[in-house]
Amino acid sequence: MKNFKTIIEPFRIKSVEPIYLSTEEERKNYLEEAHYNPFKLKSEQVIIDFLTDSGTSAMSSKQWAGVMEGDESYAGSKSWIRMEKVIRELTGFEYILPTHQGRAAERILYGYLGSKGKIFISNTHFDTTRANIEFSGASAIDIPIPEGTQPSLYHPFKGNIDLGKLETLIKIHGANNIGGVIITVTNNSGGGQPVSMENVREVSKLCRIHKVNFFLDCCRIAENAYFINHREDGYRNKSYREIAQEMFSMADGAVMSAKKDALVNMGGFLALKNKQMAEACTNLLIITEGFSTYGGLSGRDMEAISTGLGEVFDPGYLKYRIRSTEYLGQRLQSMGIPILLPVGGHAVYIDAKALYSHIPVNHYPGQALVCELYLKGGIRSCEIGSVMFGKYNNQKKLIPASMELVRLAIPRRVYTQSHIEFVIEVFEKILKEKDSSRGYKITYEPEFLRHFTAKFEKV
Ligand code: F0G
């Protein structure tokens, strides 16, 4: 396909899932019933579901065949032996712990390493990562590079961590008080932006010098490897898998939500180098997830993960994946929608603060856009701004997030080009009517991860 400019979906469709095409009037009612929080919508009420790329992949016929092959034995299942081998060979880590999804691995690892007074440092902690760390009593500090929080600025590796700040934090707090340094690849909350190998190498060096644990949150490491291959000197002739392997070789362990780059609907793992740490985590795994040869997974899930971890590094797949996300981003940008640049791997992020400059941050411009996208086109998206990350000061005044983004996360191998063209058309409407959009206020919120269950009212 080298001499063509059209990049086609490198698969054909074997099984289809009908979409109910609701009217705007119906959606108005659905949204009201959901208290203006798309997490509360029924999936049947959604036309294009861009809420997340997590667990929403279409599995391949080989993965489905694997589902039939799943060995459901409680102990020592052959599906587990295969999964352990596949992950060991990919990551190079000796100890592999299966979990039902990423946050279970996080709870085990950060629950073990975290306690009051401990600090974790990251390019950006994903929300479940932060919640698990804070739940242990420890604190989570985000130090992306300054370019990482300027939506319109181009930088090839906007997901990088600020190395100067990292060194200072380790010195100020003392290495003994650092629970770990976590590099999230790609940096989801920072716009799906990649992290360079050079940055990871420097983090690894610093952590070795100070004897601090260094972990990868590797759920989109194949997409990150694509960017390294295309943007970083010295990696053009390395395969995507080799690039991922080089990155793993510099860390002490990794946490993975297999729901992303393992192309499955459920699953995760924790991979560790250190025997003592692995033993302690295995105890926690058995208490809360399941025996060490299945964690929270069934044999069929493990088969699908093993196959998916192979398929995701296929050059044809990764090219289609990254290019199709970029296509949506470029079309929105050329129409005048402010987006986070450059376009990341798994999602297009809209800068809602710039689009709805008339809505103040305490009226949540991101939430306003999320609601408009649903109303106008049945598109479900996710606010990644002050609803997700905002905090309050002592006077209950909002301390806003650094950016007010809306994420259009693209499920892997699910939507076709015409679905994407439809989304672009919906944005044309959004743009035309943007000045009449209004903000929202929160009428109910829980203490942790409020975006999932918060209720809103129009201001
Ligand atoms: N780390 C990152 C970077 C993630 O993006 C996620 C999940 C997790 C950890 C937790 O994994 O869901 O399997 O427990 N992200 C999803 C999202 C939910 O929509 O971005 P999980």
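In listed order, ligands and their atoms are each counted from 1.
Ion pairing between a basic and an acidic side chain is recognised when a charged N comes within 4.0 Å of a carboxylate O; R412 and E311 show no such pairing. The pair E33-K42 fails the salt-bridge criterion, with no side-chain N (NZ, NE, NH1 or NH2) lying under 4.0 Å from an Asp/Glu carboxylate O. Looking at E303 and R82, a side-chain N of the basic residue comes within less than 4.0 Å of a carboxylate O on the acidic one, giving a salt bridge. Salt bridge present: E326 and R323 bring a charged side-chain N and a carboxylate O closer than 4.0 Å. A salt bridge links R450 with E445: the closest approach of a Lys/Arg side-chain nitrogen to an acidic carboxylate oxygen falls below 4.0 angstrom. E134 and K391 are joined by a salt bridge, as a carboxylate oxygen and a charged side-chain nitrogen come within less than 4.0 angstrom of each other. Ionic pairing of K260 and E223 is not present here: no N-O contact between side-chain nitrogen and carboxylate oxygen is shorter than 4.0 angstrom.
Distance from atom 7 (C) of ligand 1 to its nearest protein heavy atom, with residue and atom name: K260 NZ, 2.5 Å. Protein heavy atom closest to atom 13 (O) of ligand 1, with residue, atom name and distance, is S257 OG, 2.6 Å. Ranking protein heavy atoms by distance to atom 10 (C) of ligand 1, first place goes to T128 OG1, 3.4 Å. The protein non-hydrogen atom at the shortest distance from atom 8 (C) of ligand 1 is F126 CD2, 3.5 Å. Distance from atom 5 (O) of ligand 1 to its nearest protein heavy atom, with residue and atom name: N188 ND2, 2.8 Å. Distance from atom 9 (C) of ligand 1 to its nearest protein heavy atom, with residue and atom name: E106 OE2, 3.2 Å.
The distance criterion of under 3.5 Å between nitrogen or oxygen atoms is met by G102 with respect to ligand 1. Considering both main-chain and side-chain atoms, R103 comes within under 3.5 Å of ligand 1 through a nitrogen or oxygen pair. Inclusion of D217 in the set of residues having an N or O under 3.5 Å from an N or O of ligand 1 is warranted. Checking only distances, T186 never comes within under 3.5 Å of ligand 1, N or O to N or O. The shortest N or O to N or O distance between Q101 and ligand 1 is below 3.5 Å. Ligand 1 has no nitrogen or oxygen under 3.5 angstrom from a nitrogen or oxygen of T184.
Ring to ring, Y110 and F135 are not that close: their centroids are 6.0 angstrom or more apart. You'll find the ring centres of F39 and F452 inside the 6.0 Å limit. Taking the ring centroids of Y374 and Y30, they lie at or beyond the 6.0 Å cut-off.
Within the 4.0 Å heavy-atom shell around ligand 1 one does not find A409. For R220, the heavy-atom gap to ligand 1 drops under 4.0 angstrom.
Only side-chain heavy atoms of R407 come within less than 4.0 Å of ligand 1; its backbone N, CA, C and O stay farther off.
Every atom of ligand 1 with a heavy atom of K259 under 4.0 Å away is listed here by number and element: 13 (O).
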